[in-house]
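For reference, the structure is listed below as structure tokens.
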Amino acid sequence: MPLNAPAPDDACRKRRFELLLFAAALLFVLLALRLWYLQIISGDRYDLLARKNRTRSIPIAAPRGTLYDRNGAILVDSRPAFNVSVLRQEVEDLDALLTSLAQRLDLPVEQLQQTWQSRRFYPRYRPIPLAEDIDRTLVEELAENALQLPGLIIEVQPTREYPHGELAAQLFGHIGAISEKELRTLTAQGYRGGDQIGKSGLERHLEAYLRGQEGERLIEVDVQGRELRQRTQRPAQPGNQVILTLDLNLQRRAEQAFGDQAGAAVALDVRTGEILAMVSRPAYDPALFARGIGQKAWQQLLDDPDHPLQNRAISGQYPPGSTFKIVTALAALHEGVTRPDELIQCDGRLRIGERDFRCWKRTGHGPTNLMKALRESCDVWFYDISLRLGIDRIAKMARHLGLDQSYGLPLDNERSGLIPDRDWKRGRFGSSWYPGETAIAGIGQGYVLATPLQLAVMTATVANGGTFYQPQLLRQVRDHQGRILLQEQPRVRHQVRFTGQHLQAVRQALEAVVGDPRGTGKACRLPGIAVAGKTGTAQVVRLKDDLPGHKKLADDEIAYRLRDHALFVAYAPAEDAEIAVAVIVEHGQHGSSAAAPIAREILAEYFGIADPQPDSTAGQEE
């Protein structure tokens, strides 16, 4: 080995050092390349991510559009409410947060947990509301303890306000949080989890007009998610203004007239078909849904035997009783099977086949013509006339007057009623039509069914001379800048061609129903206003007192649910009609005493009569 040659150990160490030096150099090169990639190639992307990490986009809910009556009075509005919400990305210990919130809000922690789970489909960036419309005192308390409640925010959100409580509740409907099922079909229209949406009534059917455009608030937060400052804001755009045909004062007085009674009423402008009032009692408070109704309260509404959620005015199908005699009378005159002066003897019953068909007045009305038959509501006269007419011709006139059809209103569950004929029975039951069924149908019983709205349309068509107007609820839609987006006009569905003398004969009789001392509807008299109308009683079940040989029960001896329905239809002024009214009081027994006074209150409000005194003279009842 040469004297100056390196030792084997030194050579090994030198190679190791060179390898380490190379590795270090390579590492620094890789780090430099990575740094260059991060800062130069991806710098903009990571800068954006960093900005997002310290900013939050908070959606601003848009107020829904306001509903107005025909005179500009507010029917349904929106107001600001405080909601307790949570940004889920800021929550580290959900159980601890919910427990603390439950104590401060005095709510069961299970309720908050259920709310959290039900809203899990909300977008990640969207706060989850846990408590809505809370008191300002609670807002201040939560704000003071914000450090102990990470992720908590107080949102000011518009909530639906119903300033008149239960008034027209089924007509307006209610709103609620969008469901997962609804979201699956409405995402393409811009809806997102947590949005409020119309669930029933006008709120649902006018959703496209009432829904506003959501805004956005961009805020800067610290590492604990607390808001430091607001960066930018895009304001929300409120929904459109919807003007209805309703008259607030008329609606209010009509509902007050019902008191605690169940039933429905509709008032129409006979010159346009506009709906001036639509009542369904009992009702409910739609604000319960705007605040977020609990399962218990919702179940109580569903289980209520009086069905407050149902809009009886359009979905309640009732035998029209003697109000239907208007149809039968017009059909008989039109078809030439009788004359206004023809006398028919009423002895209190008419034998048809093996059965006696009885008049409501057991002693009979004696010799009876058209005027007397309508004025005093003689059943026997109409039994006789119906048998001559036949069911098909009765049905034809009924359909001309607007029965047996729906009108396509922007409401839920509008029913078409039922006007039977031979073809209907053959298709429904596979059997023939019998004369006794014709007699019963001629006085509005049996298979015949109609809604209060249909009876109002029928009455209006007679009152205006035969023009069948499309019932109308919507008058105008304006945007928040006042531009008109929709303007509705009266629409004629068809014209009924009456012979002038025939229509006049029926009208005179209807005026006598109210104005004549012998009329059944004098409880609807108004000072200075000639009113025409017709009473009706619709049998719910046939009681034994209706059968021969049984004692007639007094009204208070009959169980409430077995009592007859009371009906009344009217229009005024009788010679130049402006308004038509239909009223039904469920289990009210007699149209003369239960339904006519409600119609009187509605007409009195329309004509500006503050306190009409009911007629106290004795008279007939039906």
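Computed from a predicted structure; not experimentally measured. Position 1 is the first residue of the sequence; numbering continues from there.
Atom-to-atom distance recorded for Ile175:CD1 and Ile197:CD1 is 10.5 Å, nearest 0.5 angstrom. Separating the CZ atom in Arg253 from the CD atom in Glu255 is a distance of 14.0 Å, to the nearest 0.5 Å. Atom-to-atom distance recorded for Leu309:CG and Leu301:CG is 5.0 Å, nearest 0.5 angstrom. Atom CD1 in Ile134 sits 8.0 Å away from atom CZ in Phe82 (nearest 0.5 Å). In this structure, Leu67 CG and Asp77 CG are separated by 9.0 Å, a value rounded to the nearest 0.5 Å.
Looking at Gln476, its side chain never comes within 3.5 Å of a backbone N or O of Leu486 through a donor-acceptor pair. Within the 3.5 Å criterion, the main-chain N or O of Ala395 finds no donor-acceptor partner in the side chain of Asp421. Distance alone, capped at 3.5 Å, is enough to place a donor-acceptor pair between the Gln261 side chain and the Phe258 backbone. Judged by distance alone, the side chain of Asn83 and the main-chain N or O of Ser85 form no donor-acceptor pair under 3.5 Å. No donor-acceptor pair closer than 3.5 Å links the side chain of Arg478 to the backbone N or O of Leu485. One N or O on the side chain of Asp69 and one on the backbone of Leu248 form a donor-acceptor pair closer than 3.5 Å. Here the side chain of His205 pairs a donor or acceptor atom with the backbone of Leu411 at under 3.5 angstrom. For His174 (side chain) and Ala169 (main-chain N/O), no donor-acceptor pair under 3.5 Å exists by modelled atom type. Between the side chain of Gln213 and the backbone N or O of Gln237 there is no donor-acceptor pair closer than 3.5 Å. Using modelled atom types, one side-chain atom of Asp269 and one backbone atom of Arg271 make a donor-acceptor pair closer than 3.5 Å.
Within a 6.0 Å sphere centred on CD of Gln504, heavy atoms belonging to other residues, nucleotides or ligands number more than 12.
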Distance-only criterion, 3.5 Å: show the donor-acceptor pairs between side-chain atoms of residues 572-586 and protein atoms not counting sequence neighbours.
unit_1, atom_1, unit_2, atom_2, d
Glu578, OE1, Tyr606, OH, 2.9
Glu586, OE2, Arg312, NE, 2.8
Glu586, OE2, Tyr318, OH, 2.6

Output a table of donor-acceptor pairs, distance under 3.5 Å, between side-chain atoms of residues 450-457 and any protein atom two or more places apart or on a different chain; print 'none' if there are none.
unit_1, atom_1, unit_2, atom_2, d
Thr451, OG1, Gln454, N, 3.1
Gln454, OE1, Thr451, N, 2.9
Gln454, NE2, Gln405, O, 2.7
Gln454, NE2, Ser416, O, 2.7

### Task
Decide yes or no on salt bridge (charged side-chain N to carboxylate O under 4.0 Å, His left out) for Glu182 and Lys199, but give the supporting numbers first.
CA-CA 10 Å; Glu182 290 169 328; Lys199 297 287 188 177; 2.7 Å; yes
### Query
Under the side chain to side chain contact (heavy atoms under 4.5 Å, CB included) criterion, do Leu403 and Val327 qualify, and how do the steps go?
CA-CA 10 Å; Leu403 304 183; Val327 173; 4.3 Å; yes
### Query
Can Gln251 and Leu167 be said to form a side chain to side chain contact (heavy atoms under 4.5 Å, CB included), step by step?
CA-CA 8 Å; Gln251 180 78 26; Leu167 183 135; 3.7 Å; yes
### Task
Go through the steps for Trp424 and Leu418 under the test side chain to side chain contact (heavy atoms under 4.5 Å, CB included), then give the verdict.
CA-CA 10 Å; Trp424 172 83; Leu418 174 62; 3.6 Å; yes
### Query
Run the side chain to side chain contact (heavy atoms under 4.5 Å, CB included) check on His494 and His400 step by step: do they pass?
CA-CA 8 Å; His494 70 254; His400 281 324; 4.2 Å; yes
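A donor-acceptor contact closer than 3.5 angstrom links the side chains of Ser78 and Arg160. A donor atom on one side chain and an acceptor atom on the other are not found under 3.5 Å apart for Thr537 and His590. Neither side chain, Gln489 nor Arg491, offers a donor N or O lying under 3.5 Å from an acceptor on the other. A donor atom on one side chain and an acceptor atom on the other are found under 3.5 Å apart for Lys534 and Ser377. There is a side-chain donor-acceptor pair under 3.5 Å between Lys325 and Ser322. Of the N and O atoms on the side chains of Gln241 and His480, not one donor lies less than 3.5 Å from an acceptor on the other residue.
Put simply, the side chain of Leu333 reaches to within 4.5 Å of the side chain of Pro340, judged on heavy atoms. Using a 4.5 Å heavy-atom cutoff, the side chains of Pro420 and Val448 are in contact. A heavy-atom distance below 4.5 Å is not found between the side chains of Glu274 and Leu268.
Salt bridge annotation for Glu488-Arg475: absent, with no cationic side-chain nitrogen under 4.0 angstrom from a carboxylate oxygen. Ionic pairing of Arg399 and Asp404 is present here: one or more N-O contacts between side-chain nitrogen and carboxylate oxygen are shorter than 4.0 angstrom. Salt bridge annotation for Glu511-Arg375: absent, with no cationic side-chain nitrogen under 4.0 angstrom from a carboxylate oxygen. Ion pairing between Glu166 and Arg281 holds under the 4.0 Å rule for side-chain N and carboxylate O.
Of all heavy-atom pairs spanning Gly533 and Val514, the tightest one is N-CG2, 3.7 Å.
Between Phe382 and Phe324, the distance from one ring center to the other does not fall under 6.0 angstrom. For His587 and His565, the ring centers sit closer than 6.0 Å to each other.
Listed by chain and residue number, Thr467 satisfy the side chain to side chain donor-acceptor pair (under 3.5 Å) test with Gln495 (two or more places apart in sequence, or in another chain).
A cation-pi arrangement is present between Arg211 and Tyr191, with the terminal nitrogen or guanidinium carbon under 6.0 Å from the aromatic centre and inside a 45° cone about the axis.
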